[in-house]
Protein chains: 2
Amino acid sequence: MATISDVASMAGVSTATVSRALNGKSTVDPELAARVFAAAEELGYSPNGPARNLRRQEAAVLALIISDVENPFFTAIARGVEDVAQAVGYSVVLCNSDESGDKERRYIDVAIQERVAGVILSPTSTTTNTKRLTDRGMPVVAVDRPLPDDEHDMVLVDTRMAAKEAAAHLFAQGYEQVGCITGPAGVRTADDRLAGYRDAVRSAKKRSSARLVRRTEYKAAGAKAATVGLMSQDDPPDALLVANSSMVIGVLEALDELGKQVGRDVGVVAFDDVSWAKLVDPPLSVVAQPAYEIGTVAAQLLLARIADSDRAATTTTLSARLIERGSSSRA
Amino acid sequence: MATISDVASMAGVSTATVSRALNGKSTVDPELAARVFAAAEELGYSPNGPARNLRRQEAAVLALIISDVENPFFTAIARGVEDVAQAVGYSVVLCNSDESGDKERRYIDVAIQERVAGVILSPTSTTTNTKRLTDRGMPVVAVDRPLPDDEHDMVLVDTRMAAKEAAAHLFAQGYEQVGCITGPAGVRTADDRLAGYRDAVRSAKKRSSARLVRRTEYKAAGAKAATVGLMSQDDPPDALLVANSSMVIGVLEALDELGKQVGRDVGVVAFDDVSWAKLVDPPLSVVAQPAYEIGTVAAQLLLARIADSDRAATTTTLSARLIERGSSSRA
DNA sequence: AGCGTCTGAGAAAACGATTACTCAGAACAC
DNA sequence: GTGTTCTGAGTAATCGTTTTCTCAGACGCT
């Protein structure tokens, strides 16, 4: 592949001049510049990124490490990040940690090695991995889930409040025994949603009962099994708050197989307003999280931190919105 | 951030020895190696990727450029690619071209600049962009959609046959006037699915009619409008073949709003077996494409080509599978 | 002992860009 | 006409690795 020296000798100038011309730095004689551009075009010259980054000690690349590429919530975040980054000339590379602390670590190491300008991640495990980044002074923004030390910029959703509101809505609709299916213990969103659920139970003056709560992976299969377990006890729940959109697939499958009619027999509210929510019967009531906005805000925060590493860390908390549809109504 | 020289001086050896020790090359005195490892650990040393890549003239990174991150078909491909790549120590960076030839070109340029080892892409526009890659001898594998010249490795699905089979199935179920909603002209999968549909129309001895065909973006909104258009004519179709899963969302919404009952009034088969297909009422009949496998095969092909650039180009065509559910049955 | 052969570590040359220096010549002021 | 400033291009240093040389010393063989 053509190098800058090839261009230089073809244009009959020094490499310095080529570099200056191509980057529009300083002033270069228009006639020389024209020769340079012609030569670059002719040779199909494309600057060697690694060499440039090595010299410049910076790369206009952001890493985005998300915990599930197949979850629309995270892909929407990705879009938000990308749109902001593109606008200022940064590229985004997307990595899928797949809820595995191990893969997360591997991608963090790649990000460090490649010396990307900054990292946005939805942390799976706590601290240990991100410490590698902060130890080396790499700008980081956490999304969706907080990091323990508040040295970091974070973009979160007030998911506890949202869960409370969703559960309260179910009680208000006349459901008596609202259950909750949430993610693994230690995953902050899962814990928060459970806490919000409990807040609502308390506010409704109901007796809180571990019997009505299940925790599983944030996946359909686990949620399906959990639903079967919940529903097959004596005095089963008559409504469910489900902590994400993958899970609700398992939940709806299970209810269908158990012959329970959603809405009439069992009220359901799930997190994330997926594109197909209106298509199921009855339409699914959801907690819509501002995923795209999380992405845009996170990208802006990261860019700000890259520009000024001494900025005080900020935490932005966005709020979610309950969308009432048929699945949470007995009518 | 610590450099190799820092490690070298702390360990009291030369940088060459540090490099050799850390990379396990050649033989290094165990005692020296131990000092090196200790120093590297102590300093939190992480080799500078750009510098390494510059020297080595290669990076263990693959670029995957897909046309829609929010489409589960493509994210499943991504998983396949990633699993294969990870296993052999390559990282994958995912880029979203968003069906825009412009973004595609930008990401291709980034891939070239960063000198990634190879590129897997689902081409949006034809030739022009990929020529940039091949001109520079960059290994490329096309997925989902072919590239015109057969100099390339490709992994495709026999989507024409699958479309034919799906449409034939609708006829077999007793639908008389099967319509088709497909993607933009020029997008190969869209054209092939339409061609397969026409094959089936011909085989069923029906008169083919442009009246029953609509083309729009591969998005829900366009498909919704197309459906309304199709259904509001005199003698509207009584079944629809829908070319992807985003579109079918719009189609189902439209049918619902028009008061048409899916299955009984209008049969529907759509491409891609999305996770929620069984949840809609009636369950959605689909053409399941082997997306994950497309990804794994593509990654293997790419790795093979990276290892040996003189390999003959191969085209792998996988087949799709029709899954019959309630939406294509009058019962 | 003397002479290859080997081993293993350091010195130094890449890799391909950017950029701090340097310096010739023009422009300008006196 | 001389000295000063300015302009713009080339020279060379630099980024942090890897890797080719180079070479000292150990080893083995006759």
Side-chain angles (χ1 to χ4, degrees), chain A residues 1-37 39-40 43-61 89 109-117 136-138, chain B residues 1-37 39-40 43-61 109-110 112-117 136-138:
Chain A
M1 221 174 300
T3 74
I4 198 172
S5 334
D6 299 332
V7 177
S9 60
M10 175 173 248
V13 299
S14 72
T15 62
T17 301
V18 174
S19 175
R20 283 190 281 249
L22 260 30
N23 291 300
K25 296 276 183 183
S26 172
T27 42
V28 185
D29 186 291
E31 204 255 329
L32 291 190
R35 293 220 307 267
V36 168
F37 283 116
L43 292 167
Y45 171 69
S46 162
N48 182 307
R52 157 182 278 169
N53 296 340
L54 173 58
R55 173 62 224 231
R56 287 219 183 130
Q57 298 287 77
E58 58 170 10
V61 176
D109 285 346
V110 170
I112 293 172
Q113 283 208 6
E114 297 303 321
R115 304 295 196 264
V116 300
R136 294 176 173 75
M138 176 90 59
Chain B
M1 219 173 306
T3 74
I4 200 172
S5 336
D6 299 332
V7 177
S9 59
M10 176 173 246
V13 298
S14 73
T15 62
T17 302
V18 174
S19 175
R20 284 189 281 248
L22 260 30
N23 291 301
K25 296 276 183 183
S26 171
T27 42
V28 184
D29 186 292
E31 204 255 329
L32 290 190
R35 292 219 307 267
V36 168
F37 284 116
L43 292 167
Y45 171 69
S46 162
N48 182 309
R52 156 179 281 168
N53 297 341
L54 173 58
R55 175 61 226 225
R56 286 219 184 130
Q57 298 287 77
E58 57 170 11
V61 176
D109 285 346
V110 170
I112 292 171
Q113 283 207 9
E114 296 303 321
R115 304 294 197 264
V116 300
R136 294 176 172 77
M138 176 92 56

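Everything numeric in this text was worked out from a predicted model, so none of it was measured. Below, chain A is the first sequence line, B the second, and so on; all start at residue 1.
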By nearest atom, which of the nucleotides C:dA9, D:dG10, C:dG16 is closest to the B:V28 side chain? C:dA9
From C:dT19, C:dG16, C:dA17, nucleotide with atom closest to A:R20 side chain: C:dT19
Atom-to-atom span, CD of A:E58 to C1' of C:dT19 - whole angstrom: 13 Å
Check B:A21 against B:V36 and note the closest heavy-atom contact, atom names and distance. CB-CG1, 4.0 Å
When you measure from the side-chain N and O atoms of B:T27 to the phosphate of C:dG8, is any distance below 4.0 Å, counting only OP1 and OP2? yes
How many whole angstroms separate atom CZ of A:R35 from atom C1' of D:dG8? 14 Å
Nearest-Å distance for atom pair CG/P, residues A:N53 and D:dT17: 14 Å
Among D:dT18, D:dG10, C:dA17, the one nearest any side-chain atom of B:I4 is D:dT18
Return the nearest nucleotide to the side chain of B:L54; candidates are C:dT18, D:dT19, C:dG16. C:dG16
With a non-hydrogen cut-off below 4.0 angstrom, is B:N23 in contact with a base, only sugar-phosphate, or nothing? sugar-phosphate
Exam field: side chain A:S9 to backbone A:S5, donor-acceptor pair closer than 3.5 Å: yes
Per atom distances to the A:D29 side chain, the nearest of D:dA9, D:dA12, D:dT17 is D:dA9
Rounded to the Å, how far apart are A:R52 CZ and D:dG16 P? 18 Å
Considering every strand and a 4.0 Å limit on heavy-atom distances, what is the contact class for B:S19: base, sugar-phosphate, or nothing? base
For atom CZ of B:R56 and atom C1' of D:dC15, their distance in whole Å: 18 Å
Could you tell me if the side chain of B:R35 sits less than 4.5 Å from the side chain of B:M10, heavy atoms only? no
B:Q57 atom CD is separated from C:dA14 atom C1', nearest whole Å, by 10 Å
What is the distance from CG of A:D6 to C1' of C:dC15, rounded to the nearest Å? 13 Å
Separation of B:T3 OG1 from B:D6 CG (nearest 0.5 Å): 3.5 Å
Show me, pair by pair, the donor-acceptor contacts under 3.5 angstrom made by side chains of residues 46-59 of chain B, not counting sequence neighbours?
{"from": "B:N48", "atom 1": "OD1", "to": "B:A51", "atom 2": "N", "distance (Å)": "3.0"}
{"from": "B:R52", "atom 1": "NH2", "to": "B:N23", "atom 2": "OD1", "distance (Å)": "3.2"}
{"from": "B:N53", "atom 1": "ND2", "to": "B:G49", "atom 2": "O", "distance (Å)": "3.4"}

With no angle test and no hydrogens, is the base of D:dT18 tied to the side chain of B:R55 by a donor-acceptor pair under 3.5 Å? yes
First encountered from the 5' end of DNA chain D, between A:P30 and A:A51: A:P30
Selection from D:dT19, C:dG10, D:dG10 that lies nearest to any side-chain heavy atom of A:S14: D:dG10
Quick check: any donor-acceptor pair below 3.5 Å linking the side-chain of B:R115 to the base of C:dG16? no
Taking the side chain as every heavy atom from C-beta outward, state whether B:I112 and B:M138 have any pair of such atoms under 4.5 Å apart. yes
Please tell me if A:T17 has a side-chain N or O lying less than 4.0 Å from either OP1 or OP2 of D:dA9. no
The answer to which of A:P47 and B:L32 contacts DNA chain C further toward the 5' end, by nearest nucleotide, is B:L32
If you only use heavy atoms from C-beta on, which nucleotide in D:dG10, C:dG16, C:dG10 is closest to the side chain of A:N48? C:dG16
